[in-house]
Amino acid sequence: MTVPSLFATSRRSHLCGELRDAHVGETVRLGGWVHRTRSLGSIVFLDLRDRAGVLQATCDPRFTPLDVIAVAGRLGAETVVEVDGVVAVRPAEMVNRELVTGTIELQVTALRIVGPAVTPAIPVARGKDEKLAAEELRLKHRILDLRRPELQANLILRHRLLQVARQLMTSHGFLEIETPILTKTTPEGARDYLVPSRVHPGEFYALPQSPQIYKQLLMVAGFDRYFQIARCFRDEDLRADRQPEFAQIDIECAFVTQEDVQVVVERVLTALWKEAGHDIATPFERIRWADAMERFGIDKPDLRYGFELENWTAHVQPDAASFVLDGVAAGGKLRGIRVANGATWSRKEVDALAAVAKAQGLGGLLWAKRTDAGWEGQGAKAFGAATMERIGGVSGDLLLAGVGADAVALPAMGQVRLELTRRPEHLPTIAHAFCWIVDFPLFELDAASGEHMPAHHPFTAPHPDDTHKLETAPWECRAMHYDAVYNGNELGSGSIRITDPAVQETIFRLLKVPADEIQRRFAFLLDGLAAGAPPHGGFALGFDRIAMLLAGSTSLRDVIAFPKTTAARALFEGAPSPVSERDLAALSLAVLVKEKS
RNA sequence: GGGGCCGUAGCUCAGUCGGUAAGAGUGCCGCACUGUCACUGCGGAGGUCGCGGGUUCGAGCCCCGUCGGCCCCGCCA
């Protein structure tokens, strides 16, 4: 007898999928779902499935009562059964190498149907080339979809990652402290989910967009190192990598510098990647925000690829086309990308890239191909021979370029670069490319309103070297704000916070937040800062996104048990849904729009 | 708020130029089968072509609207 299974209960001895050669000869009792059946008449094979895997249970008249074989032969998929039997070695020629349990099988002696199942609306067991059901159906019949080994593996991985994060944080002296879900609007700038108060008619709680203010107050309260796997809610339009509710590994610590926080975050990420089977190197490369924009045209560069942006402005010669000269004279820059072996691209392929650049607001994408015969292409004409000479290139090169102000040309060329990295012939040079983006601007211009907004949130401390600019040139201030970036994905954001009430007031003044609004929204934070606040800072990691990346998936829905659709609906449970007039009245609410029929 | 793709049997899909009777695979039901592993063989049932309107002698196919799903922009860290 081997060691008893962790999963043994009064009704079973093991999980189906945990049995191995070492269990051969043991009499076991199992419970599981009928994954598939193969009835040969007198012999029936059942694939029994549970969260540990699939095991073949064999019903054979040599060891199985005939009435049991009869029942087994008519079992429908997804029926829950309990079986008794003996673990046996399979004959050598009957081994199934595709199953972890493929060298053994269960010789069934008894079988009970404990959970009859209607025919599943979408299949759980799938053949090798069989496609998944439409995602709409998978979300509607989520319990069936969740039975699929792939999603089981994803949620099991997610669990392990959560435990690793908790363990790492705890071992570094961080305290897990929960903060309210029913709270007050927070400063992230997304739309809030609101919850009406019954006892205070006309008043609403907001669900937290993050525990930002609470975690700062916990520092003021003396808890020194805090973390939480925090649920956050943002009422914005969704994407494959955005859900209306999501989890953050939320971190805050006192008496720290930016580097202290980064070390902790690097340790968390190292532990998480390790748990998923990857060894990564620390410290991560630090890239200043301004440099990231210059080199990659984006604040979350994918460092697995080259194609860095080049500044060719100084190469422009007087014989270049007038729109190039005018663009440069107006303060624009010439930003280019060099694609080795790109000269063989078709006009159609280049035009597709140009469309990407134009969609980003660039006037047009200039291109030039270098062949043995020399330069060709509209870009070569627009620049002129002298400029092309100075830009240089070797035969086979494709040069791509855009002229314009940094605010337009850099992001546009950054998107062109991203398109280049997506081409199948461009393979990543490394698997895991982490970096820190540091020295973000404190403010950014909001295109819609023309007003300055906090680049991160209004509690982010100005960079100490720029604090003196707060009065003279505030929009040039850099911030103590840093992002962790992985393979072109933003994993999280953090900052050192303002602890000087005078600086905080200056920021609010610059943002034109009216005094009464400051009082209404942030008094409890400002009072906290006045009550003796330690220097502090923190970070928030997007946990779902990390789980998605480590699961090798491209959608958050694959790592969330019950996710929402892109229209923020829950198809499985049917939320949101209308409520009765009575319920509305109790909340002193009235619905203005007609219900959809 | 905007753009794109999709919606035909339980599931995955085909359905040509608008034309007689809307098909396949799988699943489901029935029968046979003692070593299968996406078992096999034979037989059968199964359709509001998402929904509503329009054009037409005639619509799964064309047009308008609408609902739902996915992807993207805006928005959102």
Side-chain angles (χ1 to χ4, degrees), chain A residues 35-47 54-62 64 66 69 73-74 76-78 88 90-99 101-102 105 107 118-141 144-145 188-192 209-210 212 232-244 246 248 299-300 356 359-361 415 437 440 444 446-448 453-457 481-485 489-495 539-542 545 554-555 557 564-567 569 571 596-597:
Chain A
H35 191 61
R36 231 193 297 269
T37 62
R38 289 175 296 281
S39 170
L40 279 64
S42 299
I43 291 189
V44 176
F45 299 97
L46 303 175
D47 287 343
V54 171
L55 174 74
Q56 173 166 284
T58 303
C59 303
D60 182 310
R62 285 179 294 161
T64 311
L66 292 179
I69 294 176
R74 355 186 97 253
E78 301 308 309
R90 291 200 199 187
E93 62 275 22
M94 307 302 169
V95 166
N96 183 344
R97 292 182 196 289
E98 289 173 18
L99 285 182
T101 59
E105 63 185 358
Q107 297 185 336
V118 295
T119 301
I122 57 171
V124 176
R126 246 181 343 134
K128 289 184 184 66
D129 302 319
E130 222 169 294
K131 281 192 175 182
L132 283 177
E135 186 153 20
E136 183 174 359
L137 294 167
R138 293 174 43 208
L139 292 171
K140 200 167 179 174
H141 307 285
L144 293 175
D145 203 38
E188 265 72 20
R191 276 183 284 265
D192 286 317
Q209 294 180 30
S210 81
Q212 182 59 37
C232 307
F233 306 86
R234 293 177 191 169
D235 186 4
E236 294 293 343
D237 290 342
L238 307 176
R239 290 284 190 285
D241 62 350
R242 276 178 1 208
Q243 281 274 307
F246 57 98
Q248 286 185 344
D299 61 2
K300 45 176 183 176
V356 169
Q360 295 291 313
Q415 287 303 311
I437 304 299
F440 274 80
E444 63 190 12
D446 181 52
M453 312 266 286
H456 187 43
H457 56 57
H481 163 199
Y482 36 93
D483 277 7
V485 173
N489 299 282
E490 183 203 312
L491 297 182
S493 245
S495 64
F539 206 78
L541 285 165
R545 197 170 293 178
T554 54
S555 168
R557 295 183 296 273
K564 307 283 190 287
T565 68
T566 49
R569 275 192 184 282
L571 297 183
K596 287 176 211 160
S597 54

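Residue numbers begin at 1 in each chain, while the letters A, B, ... track the order of the sequences. Bear in mind the structure is a predicted one, so any value in this text is a computation, not a measurement.
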Taking the nucleotide of RNA chain B with the nearest heavy atom to each, does A/T58 or A/A121 sit closer to the 5' end?
A/A121
Could you tell me whether the side chains of A/D192 and A/Q209 share a donor-acceptor contact shorter than 3.5 Å?
yes
Look at the side chain of A/D60 and decide which nucleotide, out of B/G68, B/U34, B/A38, has an atom nearest to it.
B/U34
Remember a base hit wins even if backbone is also touched, and classify A/A540 as base, sugar-phosphate or nothing at under 4.0 Å, heavy atoms.
nothing
Test item: A/F246 and A/R545 side chains (from C-beta on) under 4.5 Å apart, heavy atoms:
no
Between B/G74 atom C1' and A/L238 atom CG, what is the distance in whole Å?
14 Å
Using only side-chain N and O atoms of A/S493, determine if any of them is under 4.0 Å from OP1 or OP2 of B/A77.
no
In whole Å, what separates the P atom of B/A38 from that of B/C28?
16 Å
Span that lies between the P atom of B/G65 and that of B/C75, in whole angstrom
27 Å
Quick one, A/R138 with A/L132, criterion side-chain contact (heavy atoms from CB on, under 4.5 Å). Give me CA distance, side-chain angles, the key distance, then yes/no.
CA-CA 8 Å; A/R138 293 174 43 208; A/L132 283 177; 3.6 Å; yes
Under 3.5 Å, is there an N or O donor on one side and an acceptor on the other linking the side chain of A/R62 and the base of B/G35?
yes
Provide the distance between the two P atoms, one in B/A22 and one in B/C49, to the nearest whole Å.
12 Å
Has A/R38 got a side-chain N or O lying under 4.0 Å from the OP1 or OP2 atom of B/C39?
yes
Could you give the CD-to-C1' distance, from A/Q248 to B/C76, as a whole number of Å?
13 Å
Ignoring hydrogens and angles, are the base of B/C76 and the side chain of A/R234 linked by a donor-acceptor pair under 3.5 Å?
no
Return the CG to CD1 distance between A/D299 and A/I437, rounded to the nearest 0.5 Å.
7.0 Å
Using the C1' atom as the reference point in each nucleotide, state the distance between B/G27 and B/G10 in Å, no decimals.
7 Å
Measure the distance from CG on A/L40 to C1' on B/A38 and round it to the nearest whole Å.
14 Å
Counting any heavy atom closer than 4.0 Å, what does A/A455 reach on the DNA or RNA strands: base, sugar-phosphate only, or nothing?
base
A/D235 CG to B/C75 P: how many Å, rounded?
16 Å
When the P atoms of B/A45 and B/G52 are compared, how many Å lie between them, rounded to an integer?
28 Å
Shortest side-chain distance from A/F45, nucleotide among B/C71, B/G35, B/A77:
B/G35
Expressed as a whole number of angstroms, how long is the span from A/R239:CZ to B/C73:C1'?
6 Å
Pick the C1' atom in B/C71 and in B/C17, then give their distance to the nearest Å.
32 Å
A/P244 side chain reached by A/L238 side chain, heavy atoms, under 4.5 Å:
yes
A/T119 side chain N/O closer than 4.0 Å to the phosphate oxygens (OP1, OP2) of B/G27?
no
Find the distance A/R138:CZ to B/G10:C1' and express it as a whole number of Å.
17 Å
Find the distance A/F539:CZ to B/A77:P and express it as a whole number of Å.
15 Å
Now, which nucleotide makes the Watson-Crick or G-U wobble pair with B/A24, with each of the two distances under 3.5 Å?
B/U12
Does the B/G35 base have a donor-acceptor partner in the side chain of A/E105 within less than 3.5 Å?
yes
Pairing partner of B/U40, by Watson-Crick or G-U wobble and under 3.5 Å for both distances, is B/A32
Name the closest nucleotide to the A/A133 side chain, picking from B/U12, B/C70, B/U36.
B/U12
For A/E135, report the nucleic acid contact type (base, sugar-phosphate, nothing); a contact means any heavy atom under 4.0 Å.
sugar-phosphate
Minimum-distance nucleotide (side-chain atoms of A/T566 versus B/U34, B/C71, B/A77)
B/C71
Round to a whole Å and report the spacing from CE of A/M453 to P of B/G74.
15 Å
Between B/U26 and B/G44, how far apart are the two C1' atoms, rounded to whole Å?
16 Å
Would you indicate what A/H141 reaches in the nucleic acid, counting non-hydrogen atoms under 4.0 angstrom: base, sugar-phosphate, or nothing?
nothing
Can you tell me how far C1' in B/U8 sits from the matching atom in B/A24, rounded to whole Å?
13 Å
Confirm from the modelled atom types if A/R97 and B/C37 form a donor-acceptor pair under 3.5 Å, side chain to base only.
no
N or O in side chain of A/K131 less than 4.0 angstrom from B/C13 OP1/OP2:
yes
Candidates B/C75, B/G35, B/U12 - which lies nearest the side chain of A/D237:
B/C75
Would you tell me if any nitrogen or oxygen in the side chain of A/R557 comes within less than 4.0 Å of OP1 or OP2 on B/C71?
yes
CD of A/Q56 to CD of A/Q107, rounded to nearest 0.5 Å, is 11.0 Å
Return the nearest nucleotide to the side chain of A/E136; candidates are B/C70, B/A38, B/G68.
B/G68
Does A/R36 make a side-chain N or O approach to OP1 or OP2 of B/C39 shorter than 4.0 Å?
yes
Which one, B/G35, B/G69, B/C37, comes nearest to the side chain of A/D47?
B/C37
Pairing partner of B/G68, by Watson-Crick or G-U wobble and under 3.5 Å for both distances, is B/C6
Here's a test for you: under side-chain contact (heavy atoms from CB on, under 4.5 Å), which of A/L66, A/V44, A/T37 qualifies with A/C59?
A/V44
Atom NE2 in A/H141, atom CD in A/E136: separation rounded to 0.5 Å?
9.5 Å
Minimal non-hydrogen separation, A/R557 against A/A240, with atom names:
NH1-CA, 4.4 Å
Out of B/A38, B/A77, B/U34, which nucleotide sits closest to the side chain of A/E130?
B/A38
OP1 or OP2 of B/C31 sitting under 4.0 Å from any side-chain N/O of A/R74?
yes
Can you identify which nucleotide, out of B/C76, B/G69, B/C11, has its nearest atom closest to the A/E236 side chain?
B/C76
May I ask you to say what A/L571 touches in the nucleic acid, namely base, sugar-phosphate or nothing, with a heavy-atom cut-off under 4.0 Å?
sugar-phosphate
